[in-house]
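Reading through the structure tokens given below for one structure.
Since the model is a prediction, treat every value here as computed from it, not as a measurement. Residue numbering restarts at 1 for every chain, and letters A, B, ... go by the order of the sequence lines.
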There are 2 protein chains.
Amino acid sequence: MVSKLNVRQVTHVACRDCSLSQLCLPLALKIEDIDELDRIIKRGRPLKKGEHLFLEGDPFHSVYAVRSGALKTYTATNEGEEQITGFYLPSELVGLSGLDTEAYPVSAQAIETTMVCEIPFDRLEKLSDDYPELRRQLMRVMCRKIREDQQMKLLLSKKNADERIATFLINLASRFRRRGFSSQSFRLSMSRNEMGNYLGLAVETVSRVFTRFQKNSLINANGKEIEITNAMELCALAGGKLVEHQDIVNIQ
Amino acid sequence: MVSKLNVRQVTHVACRDCSLSQLCLPLALKIEDIDELDRIIKRGRPLKKGEHLFLEGDPFHSVYAVRSGALKTYTATNEGEEQITGFYLPSELVGLSGLDTEAYPVSAQAIETTMVCEIPFDRLEKLSDDYPELRRQLMRVMCRKIREDQQMKLLLSKKNADERIATFLINLASRFRRRGFSSQSFRLSMSRNEMGNYLGLAVETVSRVFTRFQKNSLINANGKEIEITNAMELCALAGGKLVEHQDIVNIQ
DNA sequence: CGGGGCGTTGATTTTCATCAAACGTGGTGG
DNA sequence: CCACCACGTTTGATGAAAATCAACGCCCCG
């Protein structure tokens with residue numbers, strides 16, 4: 001009920017007043033230019049869990065910034081099962097990879113109640129003609145994505161189950177932290193199944209690793225509620241670095 | 001010896017006369033604008049097998065287009081082994097993923113004698129300020145990379161050894177075809193070890209799959225020389241589609 | 001001729017997927 | 001409000017695929 005209220009408020013927040021502006025596209029723009037971006041952004045009703053933002057093959061027209069909630073993107077394997085290609089948290093841009101094609105190469109679906117800002121691409125492209133910094137920001141987002149995928153490929157080809165889950169948790173934690181939430185304890189928006197699908201593991205394996213981590217006091221998991229109790233160790237497993245206190249460094 | 005001669009010739013070919021211009025960056029430009037691009041491109045001496053183009057962590061300043069030969073890119077895992085992140089054939093662009101950072105996120109190394117065109121990034125950026133089409137071409141290259149990585153992640157998380165190798169071979173074949181070479185028979189520029197590393201398989205597994213494919217008359221492998229004798233079947237294994245005759249469709 | 005790297009083949013081990021079953025929980029309808 | 005159902009999760013038992021370990025052959029090079 002509280003969230004219902006928030007959702008209503010949020011619908012009308014302008015870019016310049018949005019708490020995510022320092023992480024999102026407006027980052028590239030001067031205060032006075034943000035309004036320009038603001039005018040082209042459409043803010044729709046919230047998506048309920050399970051609703052699609054777009055489907056694989058839909059004509060490409062917009063990219064989307066997540067305002068609140070969470071999305072997943074996925075494609076169909078040739079056997080028809082789904083392969084999750086990413087999870088998207090607030091301030092992250094979805095749909096960019098369709099940018100040079102006629103159609104979205106993945107489907108995007110809300111995994112909890114989710115608000116997005118829609119940015120029609122033709123207008124974004126025009127806008128970016130005038131603002132080199134916006135252009136560079138777009139480039140940056142795509143480059144980051146490429147580097148993330150690189151890390152993901154490494155994970156999938158070299159890491160074992162424990163390391164995959166550790167990496168995933170640390171990565172989530174650091175994304176939460178960047179957004180001003182606790183990196184110590186948070187709520188997973190995806191199911192064990194989705195996690196396994198994304199990480200290339202069977203559900204049962206995911207479950208077992210969680211139990212083992214809990215037994216070894218690395219984490220405290222209660223359903224989707226996660227508390228990281230030994231960030232140091234978890235980072236070591238993930239192959240990342242930990243800097244002072246409990247600050248978790250983004251593994252990418 | 002013949003190749004030595006070619007290499008010398010090639011060094012001085014202008015973009016407008018380059019046989020790769022229809023696949024490379026000039027694709028985006030009008031004939032008269034190509035010379036503009038041409039002026040900023042540096043053409044160095046050929047790299048010998050094993051030589052590096054740049055190292056992970058080197059300050060980022062240029063992207064490179066492969067003229068001839070082949071490159072691999074790789075990062076170090078935290079255990080210090082290398083993880084190959086890609087192979088690059090003529091007309092393909094290397095180094096773009098470092099574009100939003102100060103340093104290259106991967107090392108790039110020649111896996112056979114290789115010629116590259118160096119494109120200093122600051123000058124490319126200036127040039128792309130004036131040519132929206134060049135900009136879009138850069139975007140396209142990055143988007144394609146993201147989609148390729150997506151396919152690669154799918155391969156790594158869902159496909160078994162046979163399917164991985166089949167996909168790899170079909171993908172190579174189609175890249176050769178696009179460049180005007182035979183997609184039926186070609187020479188692998190990478191070792192079994194590098195292939196396994198890239199595909200997330202042990203060398204021994206790669207070797208065994210090759211033997212099995214040969215036994216089943218899918219391919220004819222003699223060291224690095226590969227002949228695809230049953231493209232249909234191989235494509236089926238890879239999960240791709242085959243269109244008429246022996247034309248192999250890029251799996252991407 | 002010798003040596004080293006690369007590739008192949010066989011034997012064994014490990015890890016994780018799969019199969020099967022039970023449990024908890026949240027949502028729905030009676 | 002409770003009972004029941006469906007779904008997500010957990011746990012155990014078994015099996016399969018690929019990694020690892022080990023040994024050998026083959027070139028290619030010096």
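Distance CD (B:Glu81) to P (D:dT20): 9 Å, rounded to an integer number of Å. As a whole-Å value, the separation of B:Lys49 NZ from C:dC6 P is 7 Å. In this structure, the CE atom of B:Met195 is 13 Å from the P atom of C:dC6, given to the nearest Å. One atom, CG of B:Asn222, and another, P of D:dC26, lie 13 Å apart when rounded to the nearest Å. The separation between B:Ile165 atom CD1 and C:dT8 atom P is 11 Å, rounded to whole Å. Put simply, CG on A:Leu201 is 10 Å from C1' on C:dA17, counting in whole angstrom units. Taking atom CZ on A:Arg192 and atom P on C:dG24, their separation rounds to 16 Å, with Å as the unit. As a whole-Å value, the separation of A:Leu156 CG from C:dA17 P is 12 Å.
None of B:Arg175, B:Arg178, B:Lys145, B:Arg67 except one satisfies the salt bridge (Lys or Arg N to Asp or Glu O under 4.0 Å) rule with B:Glu92; the exception is B:Arg175. For the side chain to side chain contact (heavy atoms under 4.5 Å, CB included) test with B:Arg212, the passing option among B:Asp162, B:Leu218, B:Ile219 is B:Asp162; the others fail.
Out of C:dG7, D:dT9, C:dA17, the shortest distance to the side chain of A:Ala202 is found at C:dA17. Taking every side-chain heavy atom of A:Glu204 into account, D:dG12 is the closest of D:dA18, D:dG12, D:dT20.
Among the protein residues, A:Gly200 comes within range of the sugar-phosphate backbone only, with heavy atoms under 4.0 Å from sugar or phosphate atoms but none that close to a base. B:Ser207 comes within 4.0 angstrom of a nucleotide base, judged by non-hydrogen atoms across all strands. Contact annotation for A:Ala161: backbone-only contact, meaning every heavy-atom pair under 4.0 Å involves sugar-phosphate atoms and none involves a base.
Ion pairing between A:Lys49 and A:Glu112 fails under the 4.0 Å rule for side-chain N and carboxylate O. Under a 4.0 Å N-O distance rule, the pair A:Lys72/A:Glu194 qualifies as a salt bridge. Salt-bridge check for B:Glu227 with B:Arg187: failed, with every basic side-chain N at 4.0 Å or more from each acidic carboxylate O.
For D:dA19, the OP1/OP2 oxygens have a side-chain nitrogen or oxygen of B:Thr205 closer than 4.0 Å. Checking the phosphate oxygens (OP1, OP2) of D:dG8, no side-chain nitrogen or oxygen of A:Lys224 falls inside 4.0 Å. An OP1 or OP2 oxygen of C:dT9 is reached within less than 4.0 angstrom by a side-chain nitrogen or oxygen of B:Thr211.
Side-chain N/O atoms of B:Arg208 and base N/O atoms of C:dG7 include no donor-acceptor pair closer than 3.5 Å.
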